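Before any comments, here is the structure.
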Amino acid sequence: MTLHLGYGTNGLTDLRLDDALGLLADLGYEGVGLTLDHMHLDPMAPDLTERTRQVRRRLTSLGLRVTVETGARYVLDPRRKHGPSLLDPDPDARAARTALLVRAVDVAAELGAHAVHCFSGITPPGTTTDTAWKRLTEALAPVLEAADRSGIPLAIEPEPGHLLATLADFHHLRGLLGDPGPLGLTLDIGHCQCLEDASPVECIRDSAPWLRHVQIEDMRRGVHEHLPFGDGEIDFPPVLAALAASEYRGLTVVELPRHSHAGPELARTSIDFLRDAMTRGTTPKGGAPC
């Protein structure tokens with residue numbers, strides 16, 4: 001299978017970034033989903049350009065590819081998880097999130113990343129759906145302009161509970177924006193199991209033309225909880241086979257943000273699990289791997 005496995009730094013927050021990157025390279029990962037946060041390449045601290053260049057040199061020396069992720073919980077507001085969002089009622093607050101995403105695009109360009117990940121946010125109380133979509137499209141416009149200039153795709157993630165929660169919502173956003181070239185999709189395999197009517201395999205096949213980033217973990221139907229592989233309900237060999245059969249050639253990043261306390265061990269067991277599942281996914285019945 002042609003899959004490029006990575007691991008998200010949001011699941012390694014107890015490690016220094018240099019140590020986390022070294023661990024992933026030693027385990028055989030090809031890349032990293034780098035969440036910009038106060039402990040890992042803080043996007044709000046001084047000297048961001050020089051610190052980014054240092055990370056680029058480290059990635060290059062280890063042979064790691066990278067996607068820039070922007071799901072840090074308190075990077076903008078120490079009291080509001082993921083706040084402010086692109087849907088915030090305060091235009092200045094929305095602008096702060098937009099500025100962070102533009103900064104993430106600049107970081108991604110410096111790193112040579114293959115995409116920048118983002119999400120819409122939860123619709124604030126008292127906000128109509130039409131107003132929320134209008135805020136989202138307006139707030140994303142400068143980010144898409146930056147992505148277009150840099151050649152780095154913006155990969156928005158359908159997130160359970162958010163305005164943009166499903167693949168149908170992603171296509172609705174595409175329509176509202178006029179299907180801009182820089183806009184792509186982050187597909188979280190667990191979210192497909194949790195929320196979508198279609199199976200994870202069907203989601204991959206249906207969304208293949210727009211895939212710019214993939215996150216992967218186990219999950220159960222109707223429960224938004226990122227689980228280590230084997231603890232949920234997903235049948236992974238056909239999922240990985242569908243990814244390999246698609247045109248997607250970016251990173252497939254393990255996403256276990258609530259398991260940082262066991263990050264090094266889970267990074268090891270996750271890559272072992274995925275390698276085994278890939279082998280099983282390419283083994284015909286009664287035959288050797290093809």
Side-chain angles (χ1 to χ4, degrees), residues 33 67-72 76 82-91 93-105 108 113-198 200 202-215 224 246-248 250 253 255:
T67 298
V68 171
E69 301 193 353
T70 61
L76 285 177
H82 298 312
S85 79
L86 297 170
L87 309 180
D88 198 286
D90 182 350
R94 294 198 300 276
R97 177 62 63 173
T98 295
L100 175 65
L101 294 179
V102 170
R103 189 171 302 181
V105 172
H114 75 80
V116 171
H117 150 278
C118 71
F119 45 67
S120 68
I122 297 169
T123 303
T127 302
T128 67
T129 301
D130 287 347
T131 296
W133 283 110
K134 183 174 185 292
R135 289 176 185 167
L136 180 61
T137 57
E138 291 175 351
L140 282 176
V143 189
L144 289 166
E145 290 173 4
D148 192 35
R149 289 194 303 269
S150 67
I152 306 291
L154 183 69
I156 194 163
E157 178 186 6
E159 184 78 23
H162 284 211
L163 173 69
L164 198 154
T166 66
L167 291 174
D169 294 330
F170 167 71
H171 292 299
H172 180 64
L173 177 66
R174 286 178 55 235
L176 291 175
L177 289 169
D179 198 16
L183 181 66
L185 173 69
T186 292
L187 186 69
D188 187 302
I189 302 302
H191 293 173
C192 297
Q193 177 70 20
C194 172
L195 194 64
E196 297 284 351
D197 292 333
E202 291 169 325
C203 289
I204 292 166
R205 292 172 180 164
D206 292 345
S207 62
W210 300 278
L211 284 185
R212 301 297 179 265
H213 184 43
V214 173
Q215 297 171 342
H224 184 203
S246 74
E247 294 298 317
Y248 177 69
V253 171
E255 184 80 359

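Note that the structure is a prediction, hence the values are computed from the model and not measured. Heavy atoms only: backbone and side chains are in, while hydrogens, waters and symmetry mates are out.
- In this structure, R212 contributes its side chain and G250 its backbone to no donor-acceptor pair below 3.5 Å.
- For the pair T98 (side chain) and A139 (backbone), a donor-acceptor distance under 3.5 Å is present.
- Rounding to the nearest 0.5 Å gives a distance of 5.5 Å between CG of L163 and CG of L87.
- Taking 4.5 Å as the limit, some side-chain heavy atom of L167 sits within range of a side-chain heavy atom of L185.
- Under the 4.5 Å side-chain criterion, counting only non-hydrogen atoms from C-beta, I122 is not in contact with S85.
- Formation of a donor-acceptor pair under 3.5 Å by the E157 side chain with backbone atoms of H117 is not found in this model.
- Minimum heavy-atom separation, T127 to A132: CG2-N, 3.9 Å.
- Distance check: L101 CG to C118 SG gives 5.5 Å after rounding to the nearest 0.5 Å.
- Inter-residue side-chain proximity for T131 and T123 is flagged as unmet; no heavy-atom pair is nearer than 4.5 Å.
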Begin from the C-alpha positions of T186 and E69 and carry the test side-chain contact (heavy atoms from CB on, under 4.5 Å) through to its verdict. CA-CA 10 Å; T186 292; E69 301 193 353; over 6 Å; no
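- Rounding to the nearest 0.5 Å gives a distance of 9.0 Å between NE2 of H213 and CG of D188.
- Within a 6.0 Å sphere centred on CG of D90, other residues, nucleotides and ligands contribute more than 12 heavy atoms.
- Panel note: side chain R97, backbone P84; a donor-acceptor pair is recorded below 3.5 Å.
- With hydrogens and angles ignored, the 3.5 Å screen pairs a side-chain donor or acceptor of D169 with a backbone N or O of T166.
- Atom NE2 of H171 is separated from atom OG of S207 by 7.0 Å, given to the nearest 0.5 angstrom.
- Counting heavy atoms from C-beta outward, H191 and H224 have side chains that approach closer than 4.5 Å.
- The shortest heavy-atom contact between C192 and P200 is CB-CA, 3.9 Å.
- Side-chain contact between L136 and L176 is absent, with no heavy-atom pair separated by less than 4.5 Å.
- The line from CG of D206 to OG of S246 is 12.0 Å long, rounded to the nearest 0.5 Å.
- Remark: L154 CG to E145 CD distance equals 12.0 Å, nearest 0.5 Å.
- Side-chain atoms of S120 come within 3.5 Å of backbone atoms of L164 as a donor-acceptor pair (strictly under, hydrogens ignored).
- Annotation for S150 and V105: closest pair OG-CG1, 3.3 Å, computed over non-hydrogen atoms.
- Between R135 and P124, the closest side-chain pair of non-hydrogen atoms falls below 4.5 Å.
- Closest approach of P182 to L144, counting heavy atoms only: CG-O, 3.8 Å.
- The shortest distance between side-chain heavy atoms of F170 and L183 falls below 4.5 Å.
- Residues C194 and P160 share a closest heavy-atom pair of SG-CG, 4.4 Å.
- Tested against V116 for a side chain to side chain contact (heavy atoms under 4.5 Å, CB included), the candidates T67, T70, I156 yield a single pass: T70.
- Contact of the L173 side chain with the W133 side chain is registered, since non-hydrogen atoms from C-beta on lie closer than 4.5 Å.
- Closest non-hydrogen pair, I152 versus A113, comes out as CD1-O, 3.3 Å.
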Mind running salt bridge (charged side-chain N to carboxylate O under 4.0 Å, His left out) on R94 and D88 for me, showing each step along the way? CA-CA 5 Å; R94 294 198 300 276; D88 198 286; 5.9 Å; no
